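Taking it in order: structure first as structure tokens, then the write-up.
Predicted, not measured: the structure shown is a model, and the values here were computed from it. The sequence lines fix the lettering, A, B, ..., with proteins before strands; numbering per chain opens at 1.
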There are 2 protein chains.
Amino acid sequence: MSPAQGGHGGRRSPSGPSVTERVLGILSAFGPGAEALTLSGIARTAGLPLSTAHRLVGELASWGALERGEDGRYRIGLRLWEVGALAPRSLGLRERAMPYLEDLYEATRQNVQLAVRDGHEVVYVERLAHPEAVRVFSRVGGRMPLNATGVGQVLLAFAPPAVQEEVLAGPLPALTPRTITDPQDLRRTLAAVRREGVAVCDGMVDPLSLSVAAPVRGEDERVVASLSVVVPSAGAEPRTIVPAVRAAARGISRALGAPSARRRPTGVVTPVPTAPDTPPRAGRGT
Amino acid sequence: MSPAQGGHGGRRSPSGPSVTERVLGILSAFGPGAEALTLSGIARTAGLPLSTAHRLVGELASWGALERGEDGRYRIGLRLWEVGALAPRSLGLRERAMPYLEDLYEATRQNVQLAVRDGHEVVYVERLAHPEAVRVFSRVGGRMPLNATGVGQVLLAFAPPAVQEEVLAGPLPALTPRTITDPQDLRRTLAAVRREGVAVCDGMVDPLSLSVAAPVRGEDERVVASLSVVVPSAGAEPRTIVPAVRAAARGISRALGAPSARRRPTGVVTPVPTAPDTPPRAGRGT
DNA sequence: ATCGAGCTTCCGGTGGCCGGAAGGAGGCGC
DNA sequence: GCGCCTCCTTCCGGCCACCGGAAGCTCGAT
């Protein structure tokens with residue numbers, strides 16, 4: 001987020017990266033399309049001498065951050081996944097959103113996605129896909145540009161102005177001919193998204209699919225995530241989907257404690273027992 | 001694990017752990033119930049001097065492995081979650097299993113769980129829970145003992161004999177009075193699980209809930225995961241659930257390429273897998 | 001047999017890591 | 001206000017743990 005190196009670069013030096021950076025560099029070597037790597041592959045990708053990589057990878061594997069398969073190649077280990085699952089912006093969010101995603105999935109039998117923004121990109125946190133649904137390009141844990149996707153436009157529309165300007169100033173990648181790449185165009189689209197509270201993206205990721213996305217708000221009213229449904233472009237009738245997406249997004253916002261999504265006092269007693277608030281200052285763990 | 005220090009201990013001890021171990025120790029400080037920690041909390045838990053923790057945590061945060069909240073506390077970062085999502089035993093499995101879990105969830109509107117074994121414990125990889133379903137104790141990314149859970153008994157029943165003996169020899173924790181803690185008892189139960197291809201656990205985790213679990217096999221026929229449904233103990237009729245769980249587990253096995261789960265031309269007996277006619281690589285992945 | 005790619009182990013030199021100490025920023029009880 | 005606490009941040013000299021070249025090993029392929 002805020003560039004930590006604002007002051008004066010400092011530790012960058014010809015002597016080389018720190019041990020920590022090397023370790024993290026090893027983890028970075030893995031990625032979509034590179035789920036399994038040989039030791040020398042890791043060394044090559046991370047730019048490390050083989051013997052150094054050997055030692056570090058060995059330590060990572062013995063802890064469980066990496067696992068070595070029968071083919072001798074390394075993969076990300078279950079232990080690392082476990083730790084990663086503690087990230088509040090993934091699992092915490094996912095946990096509360098799941099029931100609503102379920103319902104939406106069940107209603108459409110297509111693709112339902114939940115995403116957050118990280119920097120200038122969208123990161124998909126959850127995806128429910130019917131095997132026979134239209135193929136989508138995204139993947140849980142994957143990234144996409146903000147301008148080209150429904151969830152991205154929503155997240156950008158409600159992002160801090162500084163972020164919006166940075167993205168509008170930067171390159172706007174096109175995934176299809178219909179992707180919005182003109183800054184003025186995008187600006188208008190974002191305004192519309194803010195006004196409507198929903199984004200409809202037709203054929204911007206894949207010519208054959210259309211997505212409808214809506215914002216999810218946290219307890220401080222900020223947009224913390226976005227939810228979308230992806231359906232085949234042909235014969236899609238967004239009108240029928242928009243209300244469902246809006247409703248689900250609102251439901252999740254309510255589950256997260258967003259005041260604006262709170263149930264209005266009707267005649268009925270609030271049926272949902274508010275979750276026993278965790279003490280705001282739940283101090284020392286363990 | 002075979003003790004790696006077989007040769008001559010050497011680096012162990014008074015000099016202290018390596019940098020890598022310290023970094024991993026910092027990550028280990030986080031866990032269920034400790035999702036957000038202060039710097040000094042991390043230092044305390046990981047057993048590091050404050051200044052050392054400060055430096056290492058700073059490096060982790062600037063890479064994105066940790067994130068610092070507005071309250072000054074650190075949490076696991078999105079970037080680390082992303083890397084963790086590449087673990088084949090979590091996401092790869094989950095991706096293929098999801099549609100079946102969906103169906104099972106939709107049919108029961110209770111709790112559906114998918115788990116794998118790691119060492120002598122169960123690790124939950126996925127969980128679909130209806131908000132009004134019976135409360136379950138598990139959590140995605142969480143661990144439970146093998147002897148006390150339906151998925152655990154299944155995973156143990158089909159684990160390598162060496163693992164079984166280790167577990168049977170070790171302590172068998174009791175979560176409720178009905179948890180199986182007698183080795184002989186457990187041995188008989190495991191045999192039954194192998195025979196039936198399903199485990200039914202009544203009140204072993206929580207007196208009020210019952211779970212039905214079945215094995216999921218990979219392309220080499222080994223049991224790679226287990227699937228379960230958890231329902232309220234009272235009034236539950238396992239007979240009606242068992243077939244659904246079995247069917248879903250079989251469906252996932254087929255999706256993973258298990259020969260024994262392949263569709264037969266005719267629907268009769270002969271469970272023995274003879275020479276598979278086609279290589280299992282037929283997958284049309286990605 | 002010969003080759004090459006990848007993996008593992010060894011070991012001496014040195015530069016990066018370590019962590020005590022000092023100084024600031026809040027928060028709480030009195 | 002004042003003292004006391006906890007938590008965070010920065011600094012810097014000393015030492016040792018990390019680094020990585022080199023040699024040897026295990027496979028398969030040619």
Side-chain angles (χ1 to χ4, degrees), chain A residues 2-26 29 34 36-63 66-75 279-286, chain B residues 1-26 29-30 34 36-63 66-75:
Chain A
S2 60
Q5 61 266 40
H8 38 279
R11 92 106 58 17
R12 169 107 311 97
S13 66
S15 56
S18 71
V19 179
T20 308
E21 286 167 39
R22 284 164 191 246
V23 167
L24 295 173
I26 288 176
L37 299 174
T38 64
L39 175 59
S40 23
I42 294 173
R44 217 177 302 120
T45 310
L48 297 175
L50 189 55
S51 60
T52 300
H54 180 256
R55 180 169 28 86
L56 296 179
V57 165
E59 291 188 86
L60 286 170
S62 86
W63 184 80
L66 298 180
E67 285 175 9
R68 188 160 206 184
E70 292 177 359
D71 56 358
R73 297 199 294 177
Y74 291 93
R75 286 156 235 268
R281 224 157 276 230
R284 51 215 355 150
T286 56
Chain B
M1 318 280 170
S2 57
Q5 59 265 40
H8 37 281
R11 83 113 59 30
R12 177 96 308 110
S13 69
S15 54
S18 71
V19 179
T20 308
E21 285 167 39
R22 287 165 188 243
V23 168
L24 295 174
I26 287 176
F30 294 85
L37 298 174
T38 64
L39 176 59
S40 23
I42 294 173
R44 218 179 300 122
T45 310
L48 295 176
L50 190 56
S51 60
T52 301
H54 181 256
R55 180 169 30 84
L56 296 179
V57 164
E59 291 189 84
L60 287 170
S62 86
W63 184 80
L66 297 180
E67 285 176 7
R68 187 160 205 184
E70 293 177 358
D71 57 357
R73 297 199 292 179
Y74 291 93
R75 287 153 232 269

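- Distance R73(A) CZ to dC7(C) P: 10 Å, rounded to the nearest Å.
- Each of L66(A), V23(A), T52(A) was compared with V57(A) under the side-chain contact (heavy atoms from CB on, under 4.5 Å) criterion, and only L66(A) meets it.
- Nearest nucleotide to the S51(A) side chain, out of dC7(D), dC18(C), dC10(C): dC10(C).
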>> For L60(A) and L24(B): C-alpha separation, side-chain torsions, deciding distance, then whether side chain to side chain contact (heavy atoms under 4.5 Å, CB included) applies.
In response: CA-CA 8 Å; L60(A) 286 170; L24(B) 295 174; 4.0 Å; yes
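- At whole-Å resolution of the value, CD in E21(A) and C1' in dC18(D) are 15 Å apart.
- Here the nucleotide nearest the side chain of R55(B), chosen from dG19(C), dC19(D), dT9(D), is dG19(C).
- Picking from dC7(C), dG6(C), dC18(D) the nucleotide with the shortest atom distance to the side chain of L39(A) gives dC7(C).
- Nucleotide dC17(C) holds its P atom 13 Å from the CG atom of L60(B), rounded to whole Å.
- Using a 4.0 Å heavy-atom cutoff across all strands shown, L48(A) reaches no nucleic acid atom at all.
- In this structure, CG of L56(A) is placed 14 Å from P of dT8(C), rounded to the nearest angstrom.
- Along DNA chain C, the nucleotide closest to L37(A) and the one closest to T20(A) are compared, and the more 5′ of them pairs with L37(A).
- Between H54(B) and dC8(D) there is no side-chain polar atom (N or O) within less than 4.0 angstrom of OP1 or OP2.
- Candidate nucleotides dT9(D), dC19(D), dG6(C) were compared by shortest atom distance to the side chain of Y74(B), and dT9(D) ranks first.
- For dC7(D), one of the phosphate oxygens OP1 or OP2 lies less than 4.0 angstrom from a side-chain nitrogen or oxygen of R44(B).
- Atom pair I26(B):CD1 and dC17(C):P shows a separation of 13 Å (rounding to whole Å applied).
- Between the CG atom of L50(A) and the P atom of dG6(C) there is a distance of 9 Å, rounded to whole Å.
- Relative to the side chain of T52(A), the nucleotides dT8(C), dC19(D), dC8(D) differ in distance, and dC19(D) lies closest.
- Summarising the geometry, the separation between CD1 on I42(A) and P on dA5(C) is reported as 19 Å, rounded to the nearest angstrom.
- Within the 4.0 Å cut-off from OP1 or OP2 of dC8(D), at least one side-chain nitrogen or oxygen of S40(B) is found.
- Minimum atom distance to the side chain of P49(A) is reached by dG20(D), of the listed dG20(D), dT8(C), dC18(C).
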>> Run the side chain to side chain contact (heavy atoms under 4.5 Å, CB included) test on L48(A) and I42(A) for me, step by step, so that the C-alpha distance in whole Å, both residues' side-chain angles and the decisive distance to 0.1 Å come before the verdict.
In response: CA-CA 8 Å; L48(A) 297 175; I42(A) 294 173; 6.0 Å; no
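- Taking 4.0 angstrom as the limit, R68(B) places a side-chain polar atom (N or O) nearer than this to OP1 or OP2 of dT9(D).
- Of all heavy-atom pairs between A29(A) and A34(A), the closest is O-CB, 4.1 Å.
- Closest to the side chain of V19(A), from the set dC18(C), dC19(D), dC7(D), is dC19(D).
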